[in-house]
Structures are given as C-alpha cells and as structure tokens.
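Working notes for the structure below.
Atoms within a ligand are numbered from 1 in the order they appear, just like the ligands themselves.
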Amino acid sequence: MTPPDRPYHVPVLAREVVDLLVTDPNGRYVDGTLGGGGHARRILERLGPAGALLGIDRDPGALAAAADLAQDPRVRLRPGNFGDLAELLTDEGWGQATGILLDLGVSSRQLDEGGRGFSFRRDGPLDMRMDPGLPVTAADLVNTLPEAELARLFREYGEEPRARRAARAVVAARRRKPFSTTGELAEVVERALGRRGPKHPATRVFQALRIAVNRELEALDRFLAALPEVMAPGGRVVVISYHSLEDRRVKQALRNAEPRCRCPVEALRCTCGRPGWLRVLTRRVVRPSDDEKARNPRARSARLRAAERLVQDRGQGGQS
Ligand SMILES: C[S@@+](CC[C@H](N)C(=O)[O-])C[C@H]1O[C@@H](n2cnc3c(N)ncnc32)[C@H](O)[C@@H]1O
C-alpha cells in the first residue's frame, strides 16, 4: 500500500521544463506522460485562457489520479501510448502541437504500489504492466523465455554486465518453482550476483523486464519518428530520460534532425542533401541541481533534452 501522505509523484526539473516548453500561452501542449499531473499543472500555470493541454497516459490509475485536472476547460485527458501520438492528435483534431513533453519511465506511485510489481523493494505480483491491458507480464517473461533470450534481455535492456549469470540462476530457480512475486525474483538475482555497492543487485534485471513488458523503447522510437508530423513550426519538444538507453535515442534523433546544409544562404532550396528541420536547444544535457537531487532522489538520474522545430524547414527534407 502507498502511504496516504506520499505525493503521487514529485515532478522532476519542473521549472526547466516549463521554461523550455511554453513559448505561447495560447498554444496547444501535450503531456504524453501525465502521471500524477505534476508537470501538467506547472504548464497550465503558464497558459492563458485560450491555451490547451492534452494529457496522455497508458496507465488508467494515473489518469484517475489526475482526473481533477479535467475540470479545467483547457484540459483534455485521455488514455493512450505516446508512441501513437500522431494518431491521437489527429483524433483530437489538433494535427500538430506547440509543445510536447515526455517524462519517461515510471512514476513514484507506480513504484510504491507493491501490487503493480515494478519494484524489488516491495513484494507483490511480478507484473510490471503500466497498461493492465497489455498481454504479457514480467512473470510470463521470466517463466517462459529461453535462457539465452533472458540473458540478451538483461544485457540489452538492463545493461547488466553479468546477464548470463543472472539468466542461468533464473532458469534454474524456475525449474523448481515458477516465479510469481517480485520478492522471489529479487532474492534469486541477489543470490546469483551478490551485493557490490549501494545499488540492489536486481536493479538492472528489473529495469530490463519493465522495458520489455511495456515495449518502452519501441514507443519512444515511434514517438521520435513522428516528431516531424506532430510538432508545429516553431513548436518545441522536451524529453526527460532516466537511463542511457533512452537518452542516447533522444540525443541521436534530435541531432539527426538538425540541418547540416552547406548550400549558399541565398539558395531557395537545399540541394546538398543535408536539410534539417529542428534546432537543439540543449547543447549540453540538462541535469537536476544537487539541491533538487537531495530533495527528490528520483531526480538523480534525470537528463533533459529539448529542441525547437524550425519555422521554415530548409529544403527537400522539410514538411512545412
Ligand atoms: C515519470 S512518470 C510522469 C510523471 C509526471 N510528469 C508528473 O509530474 O506527475 C511517467 C508516466 O508515463 C507513463 N508512461 C510511460 N510510458 C508511456 C507511454 N508509452 N505512453 C503513455 N504513457 C506512458 C507512465 O504510466 C507514468 O505514469
């Protein structure tokens, strides 16, 4: 159970997010990872009466927790996956947005609720689905995947250097009894890998399973690929990542969209084959201050990147 006095989630880098995201108080903004609505509330503070905010989350519990926001006539909340943002915006009749925020990963509430199975610190069913309608749970993966496949998953999604050892221990344990709780898995991984430093030895294995169950990287890739479609000219995107698998993808996608055009300035169209449509606003990744990290340990690994769509795309790669 979650202690009733614990906030749903403390928004990370909140001031930096609104400063970078909100350029037009009457614009249309998307919070693609609504959670408890912490960032959404900050965005709304900056919007005028004609501004609008669409809040999306794939977890119905998050939408329920932020339901009070929908009393504001500027707000629309809807269930969905930000990987489907182009379709969601078409459905809303928006087409494109002035600003889009993603604050990736899980919320503090999802981690705190033992019944969701996200955390090795709380015993509960080995589930990890953000959207309870997803077909596969973490228990399904650890109980059925071949050992080599589990090792690949732990290595690629958890960046666990001793992935094979962890996978071997999981397969040996499930032969005796299939896994059904987070506690059982945390114990088997801890016994196999041992304690080395402050991090729980099952941290990376849990991260890997969560990413796989929720197909998190696929959703992020689809989102990044849809940016030219969903960002209005002059509009902005802000993404907060919590591990390098996400941050690397965001950094690369934003960089790839920057113009490298070497055509003369007077050329009307780019003919050099290096057009672009985005300007990166965060030359250096933005990280929380020591003070914020001390106040909110969940902020420790946060990395923020932002970019703005050029008002006029240069050349044949352009959309507007
Ligand atoms: C870190 S929390 C966001 C917290 C929020 N910014 C706040 O201030 O309260 C991430 C949220 O994104 C949701 N989420 C993760 N992946 C998603 C996806 N692909 N589509 C929609 N929501 C997603 C999770 O369910 C979770 O509620």
**Study point:** Arg210 bridged to Glu216 by N-O distance under 4.0 Å
**Key:** yes

Would you give me the side-chain donor-acceptor pairs under 3.5 Å for residues 10-23, sequence neighbours excluded?
from: Arg15; atom 1: NH1; to: Asp19; atom 2: OD2; distance (Å): 3.0
from: Asp19; atom 1: OD1; to: Arg46; atom 2: NH1; distance (Å): 3.1
from: Asp19; atom 1: OD1; to: Arg46; atom 2: NH2; distance (Å): 2.7

Check your understanding: With a 3.5 Å cut-off and no angle check, do the side chains of Asp247 and Ser244 form a donor-acceptor pair?
Key -> no

Point to revise | Basic-acidic side-chain contact under 4.0 Å: Arg74, Asp72 | key: yes

Practice item. Mind jotting down which residue pairs meet the ring pair (Phe, Tyr, Trp, His ring centres under 6.0 Å) criterion with at least one end in residues 238-268? Sequence neighbours excluded, please. Key: none

Give one line per pair: atom of ligand 1, protein atom, distance. Only N/O to N/O under 3.5 Å.
from: ligand 1; atom 1: 6 (N); to: His39; atom 2: ND1; distance (Å): 2.8
from: ligand 1; atom 1: 6 (N); to: Asp103; atom 2: OD2; distance (Å): 2.8
from: ligand 1; atom 1: 8 (O); to: Gly38; atom 2: N; distance (Å): 3.3
from: ligand 1; atom 1: 8 (O); to: His39; atom 2: N; distance (Å): 3.1
from: ligand 1; atom 1: 8 (O); to: His39; atom 2: ND1; distance (Å): 3.4
from: ligand 1; atom 1: 9 (O); to: Gly36; atom 2: N; distance (Å): 3.0
from: ligand 1; atom 1: 9 (O); to: Gly37; atom 2: N; distance (Å): 3.3
from: ligand 1; atom 1: 9 (O); to: Gly38; atom 2: N; distance (Å): 3.2
from: ligand 1; atom 1: 19 (N); to: Asn81; atom 2: OD1; distance (Å): 2.9
from: ligand 1; atom 1: 20 (N); to: Phe82; atom 2: N; distance (Å): 3.0
from: ligand 1; atom 1: 22 (N); to: Arg58; atom 2: N; distance (Å): 3.2
from: ligand 1; atom 1: 25 (O); to: Asp57; atom 2: OD1; distance (Å): 2.7
from: ligand 1; atom 1: 25 (O); to: Gln110; atom 2: NE2; distance (Å): 2.9
from: ligand 1; atom 1: 27 (O); to: Asp57; atom 2: OD1; distance (Å): 3.4
from: ligand 1; atom 1: 27 (O); to: Asp57; atom 2: OD2; distance (Å): 2.7

Give every donor-acceptor pair under 3.5 Å between a side-chain atom in residues 84-93 and any protein atom, sequence neighbours left out.
from: Asp84; atom 1: OD1; to: Arg222; atom 2: NH1; distance (Å): 2.5
from: Thr90; atom 1: OG1; to: Ala86; atom 2: O; distance (Å): 2.8
from: Asp91; atom 1: OD2; to: Arg78; atom 2: NH1; distance (Å): 3.0
from: Asp91; atom 1: OD2; to: Arg78; atom 2: NH2; distance (Å): 3.1
from: Glu92; atom 1: OE1; to: Arg76; atom 2: NE; distance (Å): 3.0
from: Glu92; atom 1: OE2; to: Arg76; atom 2: NH2; distance (Å): 2.7
from: Glu92; atom 1: OE2; to: Arg78; atom 2: NH1; distance (Å): 2.9

